[in-house]
Structure formats: C-alpha cells, structure tokens
Amino acid sequence: MGERIWRSMISERVWALKRADEEAFKQAVREHFALGRPGFRVLRAAYPYIYIQDERRHDR
C-alpha cells in the first residue's frame with residue numbers, strides 16, 4: 001500500500017512539452033522522478049504541481 005501523496009514541481013521547460021507532445025511530457029516527468037525520487041510513482045500533473053506517491057517499502 002502506498003504512502004501519502006506529495007506535491008512536487010518541475011521546470012517550465014518540461015511543462016512546455018505538455019503542450020507540444022503529451023507522450024514526451026509524460027516520459028520526461030517519469031524520468032525526472034525516477035532519478036530524483038526513486039520509489040515514487042507519478043499520479044497526475046496539474047500545473048504547477050506533479051502529484052507523486054511514495055511506494056517504497058517501509059518496514060515498521
């Protein structure tokens with residue numbers, strides 16, 4: 001089960017991709033968070049935020 005949802009932001013350069021090429025935008029966002037926040041899943045994009053969820057395993 002995933003943890004709480006986080007809001008994050010990305011550069012205007014990446015947002016510009018959304019208008020030009022939706023698939024390129026999605027790929028760029030996934031790659032951005034795979035590098036910067038491994039273990040987080042991108043849920044949705046609503047300017048200016050990207051909503052991500054922590055899916056790393058947390059043994060408690």
Side-chain angles (χ1 to χ4, degrees):
M1 178 187 253
E3 294 293 321
R4 70 179 194 197
I5 296 170
W6 298 70
R7 279 189 324 191
S8 190
M9 298 176 85
I10 56 174
S11 72
E12 290 299 321
R13 180 191 61 79
V14 177
W15 279 112
L17 281 175
K18 187 170 183 169
R19 291 183 294 277
D21 184 345
E22 182 79 21
E23 287 305 313
F25 169 75
K26 289 178 182 179
Q27 185 63 34
V29 170
R30 285 188 208 110
E31 289 172 1
H32 173 85
F33 287 101
L35 289 172
R37 293 267 185 216
F40 281 72
R41 179 171 57 106
V42 176
L43 299 175
R44 69 184 182 103
Y47 185 84
Y49 299 112
I50 303 294
Y51 294 87
I52 58 177
Q53 187 169 32
D54 185 354
E55 293 197 330
R56 298 172 295 174
R57 183 182 173 114
H58 298 281
D59 294 325
R60 296 183 179 159

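Because the structure is predicted, anything quoted here is derived from the model rather than measured.
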* E31-Q27 side chain donor-acceptor pair, cut-off 3.5 Å -> yes

* To do: Would you give the length of the straight line joining atom CZ of R41 to atom CD of Q53, rounded to the nearest 0.5 angstrom?
  => 5.0 Å

* Looking at S8 and F33, what are the two nearest heavy atoms and their distance? -> OG-CE2, 3.5 Å

* Please round to the nearest 0.5 Å and tell me the distance separating atom CZ of R37 and atom CZ of R56. => 7.5 Å

* Are any non-hydrogen side-chain atoms of E12 and Y47 less than 4.5 angstrom apart? -> yes

* Asked: About how many Å separate CD1 of I52 and CG of L43, when rounded to the nearest 0.5 Å?
  -> 8.5 Å

* **Exercise: identify the closest heavy-atom pair between W15 and A45** => CH2-CB, 3.8 Å

* **Gap separating the CZ atom of R7 from the CD1 atom of I50, nearest 0.5 angstrom** => 12.0 Å

* **Step-by-step side-chain contact (heavy atoms from CB on, under 4.5 Å) determination, F25 to I10** => CA-CA 11 Å; F25 169 75; I10 56 174; 3.8 Å; yes

* Asked: Should L35 and F40 be counted in the same cluster of Ile, Leu, Val, Met, Phe, Trp and Tyr side chains packed under 4.5 Å apart?
  -> no

* To do: Would you name the heavy atoms of A24 and L17 that are closest together and state the gap between them?
  => O-CD1, 4.0 Å

* For residues W6 and Y51, establish whether the separation of their ring centroids is below 6.0 Å. => no

